[in-house]
Amino acid sequence: MAISKVTGPTIKGIVSLVPDGIEDNLTDPYLSYLDQEALVNATGIRFRRKVSCTDLSIKVLFEKGIQRLLNELNWDVKSIDVLICVTQTAKVAIPSIACQLHGDMGFSKSVIAYDINSGCSGFVYGLHTASHLLSSIDKPNSRALLCCGDISSSITNPEDLSVRPIFSDAGSVTAIEFNIEDRNTSFFNLETIGEGQKAIYTEKTEHTNWMKLDGIDVFNYSASFVPKNITHLLEHTNFSITEIDWFVFHQANKLINETIRKALVIDIKKVPSSLYDYGNTASASIPLTITTELSSKLKSGWVLLSGFGVGFSIATALVKLDAVKVCIPVVTDL
């Protein structure tokens with residue numbers, strides 16, 4: 001395990017963005033009525049979001065999210081010191097989405113800007129990276145924007161019933177601020193189980209790279225390693241389950257998330273889910289769940305965030321949230 005802590009940076013705002021295109025697993029033409037019901041019951045996923053334009057870049061969602069969040073927080077784009085984009089579905093390999101956004105939106109030239117190629121654990125990895133970067137900058141106050149999300153439909157074979165009924169398109173932007181006088185500390189446990197790299201992967205065909213998923217492997221790695229990762233972090237920080245107000249897991253599917261919850265003996269009321277309405281939104285799933293399920297409930301307190309999946313990668317954070325500006329999901333015509 002790789003446990004670390006950082007003092008000073010805190011989450012100040014979160015906005016999530018989803019396209020207005022909705023697909024319903026209960027009317028899936030590739031499934032019989034009985035299979036439709038069984039799939040929704042097992043995965044917890046009924047509706048999924050999908051962009052209408054197959055050539056759309058995740059950059060468009062990030063840009064809309066940045067504009068919205070800066071307005072909500074009354075932050076000037078020139079006040080940003082760090083810009084990190086987490087995605088696995090960039091339309092071009094170079095330049096990075098972060099650099100594209102930097103060039104299009106008028107950020108300062110002194111901004112640290114780059115992409116992270118990561119999936120389901122990407123939000124927590126990005127939060128860890130942004131927090132440590134902010135704490136290292138030689139100034140009393142600094143700010144970061146963390147963009148996470150994917151256009152998963154661009155790498156999904158519509159006939160692959162192990163993938164298509166699970167994944168959704170979505171993006172998110174999180175604002176993080178460092179204040180030298182703030183003694184708030186966040187804790188992280190980041191791990192990689194590389195032997196599980198074939199649990200979720202892309203396979204090149206004649207025309208594109210399709211996502212492939214081994215459901216049994218994904219379940220086994222999640223059930224075996226995620227509870228241990230969370231337990232180790234709690235033991236290291238001397239926190240008990242009862243001291244934590246909310247547990248926000250990556251939205252893999254109902255079976256996996258319930259298995260993790262039960263293994264840790266967490267009250268189901270403390271584990272919000274956005275699966276039914278939004279499906280698995282990769283690195284955007286944790287912030288999306290916060291904005292959809294906790295926007296009216298989030299008060300000062302400790303929240304455990306745990307992302308897990310592609311890699312096989314696991315990342316858990318224990319953070320104190322206070323006065324966070326949470327924007328309900330922005331539905332955009334894409």
Side-chain angles (χ1 to χ4, degrees), residues 16-52 89 119-120 123 149-172 199-200 210-223 226 246-264 266-295 306-310 328-329 331 334:
S16 296
L17 303 97
V18 294
D20 60 355
I22 301 177
E23 294 190 341
D24 186 346
N25 280 338
L26 287 183
T27 59
D28 191 317
Y30 292 95
L31 294 169
S32 68
Y33 173 75
L34 291 178
D35 287 341
Q36 292 167 355
E37 291 281 351
L39 185 144
V40 172
N41 288 335
T43 65
I45 300 169
R46 177 172 178 183
F47 300 107
R48 293 171 289 105
R49 297 288 178 149
K50 183 179 179 181
V51 300
S52 57
T89 54
C120 311
F123 176 74
D150 278 301
I151 307 296
S152 294
S153 59
S154 67
I155 55 173
T156 300
N157 184 338
E159 298 181 7
D160 188 340
L161 297 182
S162 69
V163 176
R164 189 173 63 83
I166 305 296
F167 290 91
S168 277
D169 301 335
S172 69
I200 310 171
W210 291 134
M211 188 190 330
K212 298 289 184 178
L213 184 151
D214 185 324
I216 295 176
D217 268 5
V218 173
F219 175 84
N220 287 338
Y221 279 103
S222 300
V226 176
W246 300 102
F247 295 79
V248 186
F249 297 145
H250 161 60
Q251 301 295 284
N253 65 48
K254 179 181 176 181
L255 178 60
I256 289 175
N257 286 28
E258 272 294 279
T259 299
I260 294 169
R261 182 188 69 80
K262 290 177 180 178
L264 294 166
I266 303 171
D267 184 343
I268 194 170
K269 295 178 181 179
K270 288 188 172 186
V271 187
S273 173
S274 60
L275 281 166
Y276 187 85
D277 290 315
Y278 297 98
N280 182 328
T281 53
S283 61
S285 76
I286 291 175
L288 177 63
T289 302
I290 293 173
T291 57
T292 57
E293 305 303 315
L294 297 180
S295 61
S306 187
F308 47 89
V310 180
I328 61 173
V331 179
L334 297 170

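As a basis for the values below, the full set of heavy atoms in this structure was taken, side chains included, without hydrogen atoms, waters or symmetry mates. The chain is numbered in sequence order, starting from 1. None of the values given here were measured: they were computed from a predicted structure.
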Check: D150 side chain, A282 main-chain N or O, donor-acceptor pair, under 3.5 Å: no
Closest non-hydrogen atom pair, S154 against W210: O-CZ3, 4.3 Å
Keeping the roles fixed (side chain from N280, backbone from I166), state whether a donor-acceptor pair exists under 3.5 Å. no
Side-chain contact test, heavy atoms from C-beta onward, threshold under 4.5 Å: evaluate it for V331 versus R49 and give yes or no. yes
To check you understand the geometry: which heavy-atom pair defines the closest contact between T289 and P272, and what is its length? CG2-O, 3.8 Å
Donor-acceptor contact below 3.5 Å, side chain S285 vs main chain T281: no
In sequence, state the C-alpha distance, the side-chain angles, and the governing distance for V271 and E258, and then conclude on side chain to side chain contact (heavy atoms under 4.5 Å, CB included). CA-CA 9 Å; V271 187; E258 272 294 279; 5.9 Å; no
K254 NZ: over 12 foreign heavy atoms closer than 6.0 Å: no
Distance alone, cut at 3.5 Å: any donor-acceptor contact between the side chains of Q251 and S273? yes
So, R261 side chain and I266 main chain: donor-acceptor pair closer than 3.5 Å or not? yes
Distance from L39 atom CG to L26 atom CG, nearest 0.5 Å? 9.0 Å
Counting C-beta onward and ignoring hydrogens, is there a side-chain heavy-atom pair between V226 and F249 closer than 4.5 Å? no
Search all heavy atoms of R164 against all heavy atoms of N157 and return the closest pair with its distance. CB-O, 4.1 Å
Evaluate the side chain to side chain contact (heavy atoms under 4.5 Å, CB included) criterion for residues W246 and L294: first the C-alpha distance (whole Å), next the side-chain angles of each, then the deciding distance (0.1 Å), finally the verdict. CA-CA 9 Å; W246 300 102; L294 297 180; 3.7 Å; yes
Are the side chain of D267 and the backbone N or O of K270 linked by a donor-acceptor pair below 3.5 Å? no
How close do P287 and S16 get, counting heavy atoms only, and between which atoms? O-OG, 3.4 Å
Minimum heavy-atom separation for L288 and T291, please, with both atom names. O-OG1, 3.0 Å
Would you find a donor on one side and an acceptor on the other, under 3.5 Å apart, between the side chain of E23 and the backbone of R48? no
D35 side, atom CG; N25 side, atom CG - distance, nearest 0.5 Å: 11.5 Å
Mind checking what makes side-chain hydrogen bond (donor to acceptor under 3.5 Å, both in side chains) contact with R46, not counting sequence neighbours? D24, Y276
Within the side chain of S283, is there an N or O that forms a donor-acceptor pair under 3.5 Å with the backbone of G149? yes
Distance from T259 atom OG1 to N220 atom CG, nearest 0.5 Å? 10.0 Å
Of all residues at least two apart in sequence or in a different chain, which pass the ring-ring contact (aromatic ring centres under 6.0 Å, His included) check with F167? none
Interatomic spacing from CE in M211 to OG1 in T89 - rounded to 0.5 Å: 8.5 Å
Check step by step if side chain to side chain contact (heavy atoms under 4.5 Å, CB included) holds for V218 and L213. CA-CA 8 Å; V218 173; L213 184 151; 4.2 Å; yes
Do the side chains of S153 and V51 get nearer than 4.5 Å, heavy atoms only? yes
Given 3.5 Å as the limit, does a donor-acceptor pair link the side chain of N257 with the main chain of H250, or not? yes
Any idea which heavy atoms bring S222 and I256 closest together, and the distance? CB-CG2, 3.6 Å
Should we say atom CD1 of I328 is surrounded by more than 12 heavy atoms from elsewhere, each under 6.0 Å from it? no
Once rounded to the nearest 0.5 Å, what's the spacing between atom OG1 of T156 and atom CG of D169? 7.5 Å
Taken to the nearest 0.5 Å, the spacing of I200 CD1 from D217 CG works out to 10.0 Å
Could I get the full list of salt bridge (Lys or Arg N to Asp or Glu O under 4.0 Å) partners for E37, not counting sequence neighbours? none
Strictly distance-based, threshold 3.5 Å: is any side-chain N or O of S168 a donor or acceptor partner for the main-chain N or O of Y278? yes
Does S295 use its side chain to pair, donor to acceptor, with the backbone of T292 at less than 3.5 Å? no
